[in-house]
Q: 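Dumping the structure here so I can ask a few things about it.
We name chains A, B, ... by the order of the sequence lines, and we start the count at 1 in each one. Every heavy atom of this structure was used, including side-chain atoms; hydrogens, water molecules and symmetry mates were not.
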Protein chains: 2
Amino acid sequence: MKNRKIPLNLNCGLDLVGEVLYGKWKMRLLWFIKQGHKRPSELQRQIPDASRRVLNVQLKELEDHALISKVVYPVVPPKVEYSLTEFGESLIPVIGAIGEWGDRNEARLRSLILAKPVLDGEA
Amino acid sequence: MKNRKIPLNLNCGLDLVGEVLYGKWKMRLLWFIKQGHKRPSELQRQIPDASRRVLNVQLKELEDHALISKVVYPVVPPKVEYSLTEFGESLIPVIGAIGEWGDRNEARLRSLILAKPVLDGEA
DNA sequence: TGCATAGGGGATAAAATTATCCCTATGCAA
DNA sequence: TTGCATAGGGATAATTTTATCCCCTATGCA
């Protein structure tokens with residue numbers, strides 16, 4: 001989400017959403033924030049597969065896109081809390097729908113995804 | 001979607017959906033197929049920003065993930081038609097919801113996305 | 001033979017996204 | 001004085017994803 005060399009294409013709603021939601025951890029971040037995990041360290045605990053750095057970067061993008069807002073408390077040790085903006089809230093049902101579809105089809109998706117064409121031999 | 005070095009994480013529904021829907025043109029492909037644009041050349045016309053090759057690759061992945069099915073007619077010149085599987089159909093409402101949210105918030109999204117932090121100077 | 005059609009796909013380059021590493025700062029506890 | 005917790009960020013490497021290039025199939029027709 002830096003300066004792109006390939007021009008953005010923002011033709012339809014789908015493209016627009018992509019711009020703000022395309023990011024490996026973004027939907028999960030929004031979701032966990034919605035669940036009340038507001039502090040960076042909490043989010044990090046919820047999503048241990050991502051590094052702290054990466055979460056920061058994606059949180060920053062979500063913030064730039066006005067989906068979340070950030071409050072920095074001037075205390076030591078530092079304390080930061082994120083929360084959904086109204087705009088971000090409006091996206092929750094959509095994310096919910098995506099997640100539900102995934103949950104509903106979990107078994108099937110899992111097997112489809114793991115069913116790589118056999119030729120993975122590598123040890 | 002090749003052999004990954006970084007392990008997949010398939011913890012929740014959201015991750016699973018990501019695996020099959022994460023791809024720059026995938027949702028649009030599904031959407032256009034749903035609209036009745038079944039042949040590769042038609043899809044290409046609908047999505048001129050993507051090269052033929054790229055669409056083929058993504059179509060192949062959608063097919064591998066059982067969201068679409070492909071029929072090759074043994075005629076010359078070749079004729080191919082894609083259609084949504086039942087599984088793919090079940091995803092349409094979700095994609096619809098995403099697109100609607102995007103459409104509803106088009107103006108806002110557009111300005112947020114284009115409002116890069118000013119320091120893009122480049123000539 | 002040459003071209004058009006409709007579709008495929010390998011190899012490789014480029015771009016975008018993620019991950020890793022290391023460093024900053026404060027105040028308190030050992 | 002070192003260590004820990006909390007949060008942030010630059011630089012750079014690794015990975016993944018997209019794009020570009022070029023060539024191939026087969027038939028029918030000029």
Q: Would you kindly give the CG-to-C1' distance between B:L8 and D:dT16, to the nearest whole Å?
A: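 After rounding, the reported distance stands at 12 Å.
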Q: Would you state whether a donor and an acceptor, one from the side chain of B:R52 and one from the base of C:dG8, lie under 3.5 Å apart?
A: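 By the distance-only test, yes, there is a pair.
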Q: Over how many whole Å does the gap from B:L59 atom CG to C:dG8 atom P extend?
A: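 One finds 8 Å between P of C:dG8 and CG of B:L59, rounded.
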Q: Between C:dG8 and B:K70, is there an OP1 or OP2 to side-chain N/O distance shorter than 4.0 Å?
A: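 Checking B:K70 against C:dG8: at least one side-chain N or O falls below 4.0 Å of OP1 or OP2.
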Q: Is it the case that D:dG10 (base atoms only) and A:R53 (side chain only) share a donor and an acceptor within less than 3.5 Å, ignoring hydrogens and angles?
A: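 Under the 3.5 Å cut-off, the side chain and the base do form a donor-acceptor pair.
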Q: Are any side-chain N or O atoms of B:R108 and backbone N or O atoms of B:R104, one a donor and one an acceptor, separated by less than 3.5 Å?
A: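 No, the answer is negative, given that no donor and acceptor are paired below the 3.5 Å cut-off.
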Q: Between the side chains of B:K26 and B:E61, is the shortest nitrogen-to-carboxylate-oxygen separation below 4.0 Å, so that they form an ion pair?
A: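 Looking at B:E61 and B:K26, the cut-off is met.
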Q: Calculate the interatomic distance between A:L55 atom CG and D:dA7 atom C1'; express it in whole Å.
A: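 Distance check: A:L55 CG to D:dA7 C1' gives 13 Å.
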Q: Rounded to whole Å, how long is the line connecting atom CD of A:E61 with atom C1' of C:dT18?
A: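 So the CD-C1' distance, A:E61 to C:dT18, works out to 11 Å.
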Q: Any side-chain N or O of B:N56 less than 4.0 Å from the OP1 or OP2 oxygen of C:dG9?
A: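 No, because none of the side-chain N or O atoms of B:N56 sits under 4.0 Å from OP1 or OP2 of C:dG9.
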Q: Which of parallel (below 30°), tilted (30 to 60°) and perpendicular (above 60°) describes A:Y22 and B:Y22?
A: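 Rings of A:Y22 and B:Y22: parallel, as their planes differ by under 30°.
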Q: Can the ring centroids of A:F32 and A:W25 be said to lie less than 6.0 angstrom from one another?
A: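 Not close enough - the centres of the two rings lie 6.0 Å or further apart.
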Q: Tell me: CG of B:L21 to C1' of D:dT17, nearest whole Å?
A: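 After rounding, the reported distance stands at 15 Å.
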Q: I'd like to know if the side chain of B:R110 and the backbone of B:N105 have a donor-acceptor N/O pair within less than 3.5 Å.
A: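 Not confirmed, B:R110 side chain does not pair with B:N105 backbone.
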Q: Is a donor on one side and an acceptor on the other found under 3.5 Å between the side chain of B:Q44 and the backbone of B:R52?
A: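 Checked: pair present.
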Q: Using a heavy-atom distance cut-off of less than 4.0 Å, which residues of residues 32-50 of chain A contact DNA chain C?
A: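 Residues of residues 32-50 of chain A that come under 4.0 Å of DNA chain C do not exist, since none gets that close.
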Q: Please confirm whether the shortest side-chain N or O distance from B:K24 to OP1 or OP2 of D:dA19 is below 4.0 Å.
A: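 Indeed, a polar side-chain atom of B:K24 lies that close.
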Q: Between B:Y22 (OH) and D:dT15 (C1'), how many Å, whole number?
A: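 Computing the B:Y22:OH to D:dT15:C1' distance gives 14 Å.
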Q: Using a cut-off of 4.0 Å on non-hydrogen atoms, how would the nucleic acid contact of A:V80 be classed: base, sugar-phosphate, or nothing?
A: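 It contacts sugar-phosphate atoms only.
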Q: Do the side chain of B:E42 and the main chain of B:R39 share a donor and acceptor less than 3.5 angstrom apart?
A: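 Side chain of B:E42 to backbone of B:R39: a pair is present.
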Q: Keeping the roles fixed (side chain from A:E63, backbone from A:S69), state whether a donor-acceptor pair exists under 3.5 Å.
A: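 The answer is no, because no donor-acceptor pair under 3.5 Å joins these two groups.
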Q: Roughly how many Å is it from CH2 in B:W25 to P in D:dT18, rounded to a whole number?
A: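 In whole Å, D:dT18 P lies 9 Å from B:W25 CH2.
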Q: Given D:dG8, C:dA19, C:dA15, which nucleotide is nearest the side-chain atoms of A:I6?
A: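 The nucleotide sitting nearest to the side chain is C:dA15.
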Q: Under 4.0 Å from OP1 or OP2 of C:dT20: is there any side-chain N or O of B:K5 that close?
A: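 Checking B:K5 against C:dT20: no side-chain N or O falls below 4.0 Å of OP1 or OP2.
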Q: Could you please name the option among C:dT20, D:dA26, C:dG8 that lies closest to any side-chain atom of A:S51?
A: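 Given the options C:dT20, D:dA26, C:dG8, the side chain of A:S51 is closest to C:dT20.
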Q: May I have the distance from A:R4 (atom CZ) to C:dT17 (atom P), rounded to whole angstrom?
A: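 One finds 5 Å between P of C:dT17 and CZ of A:R4, rounded.
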Q: Does B:L8 reach the side chain of A:L114, with side-chain heavy atoms less than 4.5 Å apart?
A: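 Yes. Closest side-chain heavy atoms under 4.5 Å.
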Q: Tell me which one of B:L30, B:L62, B:L67 satisfies side chain to side chain contact (heavy atoms under 4.5 Å, CB included) with B:L84.
A: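 Among B:L30, B:L62, B:L67, the one meeting side chain to side chain contact (heavy atoms under 4.5 Å, CB included) with B:L84 is B:L30.
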Q: What's the angle between the local helix axes at either end of the helix from C:dT1-D:dA30 to C:dA30-D:dT1, using five pairs per end and rounding to 10 degrees?
A: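 The value is 40°.
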